[in-house]
Structure formats: structure tokens, C-alpha cells
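Here is the structure we will look at, set down as C-alpha cells.
For this chain, numbers begin at 1 and follow the sequence in order. Source: prediction; values computed, not measured.
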Amino acid sequence: VQLVESGGGSVEEGGSLALSCTAPRSSYVALTMGWFRQDPGKSREAVAYITWTADETFYRESVKGRFTLSRNSGQNTIELQMNNLRSEDTGMYYCAASQGGAGSFSRMSRGLIDYWGPGTQVTVSS
């Protein structure tokens, strides 16, 4: 499964960016999908992820109220809208997907990722 990412870039603090990720239609169903961020010298950590039915969503504490993750089933796409960006949001963002149907959300919460996108850089300047 190849995840195709788009979005990212550079913005000043307080600005907004959006990240999109598309999965092949054949694999879209039964995947939990989301975004992880990797800071220099650290492992990837979840920013936000959403179930395949869009009935449950996780957000990292630091992004709650600022980021919104949505899922467009018709286009096999998730979108992370990032508002009021802060310098600490800077990093490489990776789209991720976990298989498993109803169990996929739990698998992603435990870091069991089956597919990764290539990554896209987000830079927020102060």
C-alpha cells in the first residue's frame, strides 16, 4: 500500500497549513489512518489519527483545539487542518496506516503501523 502525501511547507507562527494523505481504494476500508511527527533525534509520535468509520479520533494533547483531522471516504483521503501553528509544531510529518478493521485503531495506538508515507516537512517560524 502506497500512501500519497501532499501539503506541508513553511509558515509563521499563528498561521495555518493542511496535510492530506490518500490511500489506494482497494486498501482504504478497514484502515485507521493518521499523522505522526518525528523530531530530530526522536522516534515518531502520533499527532492525530482516525478510524476507518471516522467514529473515533485521537489527538496529541498539544494540538487539541488547533488541529482537526477529517476523513473523506469517497476520495480515500484524510486531511489534517493545522491552525494557530506554533514553532514547536515544526517537524517531519508522516502519514501512517494500520490494518485490522475494528481493531486498527487499537493497533495504531500501540504504534503498530503497517504503512508509512514518505514524509512531508512542516516548518513554523517565530
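- The aromatic ring centroids of Phe58 and Tyr49 lie less than 6.0 Å from each other.
- In this structure, Gln99 and Thr32 have side chains that are not in contact, with every pair of non-hydrogen atoms separated by 4.5 Å or more.
- A cation-pi geometry, defined here as NZ or CZ lying under 6.0 Å from the six-membered ring centre and within 45° of its normal, does not hold between Arg44 and Trp35.
- Between Val47 and Val63 there is a side-chain heavy-atom pair separated by less than 4.5 Å.
- No donor-acceptor pair closer than 3.5 Å links the side chain of Ser106 to the backbone N or O of Gly103.
- There is no side-chain donor-acceptor pair under 3.5 Å between Thr123 and Thr90.
- Between Ser62 and Glu88 the shortest side-chain heavy-atom distance does not fall below 4.5 Å.
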Would Asn72 and Thr77 count as a side chain to side chain donor-acceptor pair (under 3.5 Å) here? Give the steps.
CA-CA 5 Å; Asn72 186 330; Thr77 297; over 6 Å; no
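- No more than 12 heavy atoms of other residues, nucleotides or ligands shown are found within 6.0 angstrom of CD on Glu12.
- Using a cutoff of 4.0 Å between basic side-chain nitrogens and carboxylate oxygens, Arg37 and Glu45 are not scored as salt-bridged.
- Annotation: side chain of Asn84 is not in contact with side chain of Phe67 (no heavy-atom distance under 4.5 Å).
- Taking CG of Leu31 as the start and OH of Tyr115 as the end, the distance is 7.0 Å to the nearest 0.5 Å.
- Contact of the Trp52 side chain with the Arg71 side chain is registered, since non-hydrogen atoms from C-beta on lie closer than 4.5 Å.
- Atoms OG1 and CE, from Thr120 and Met92 in turn, are 7.0 Å apart once rounded to the nearest 0.5 Å.
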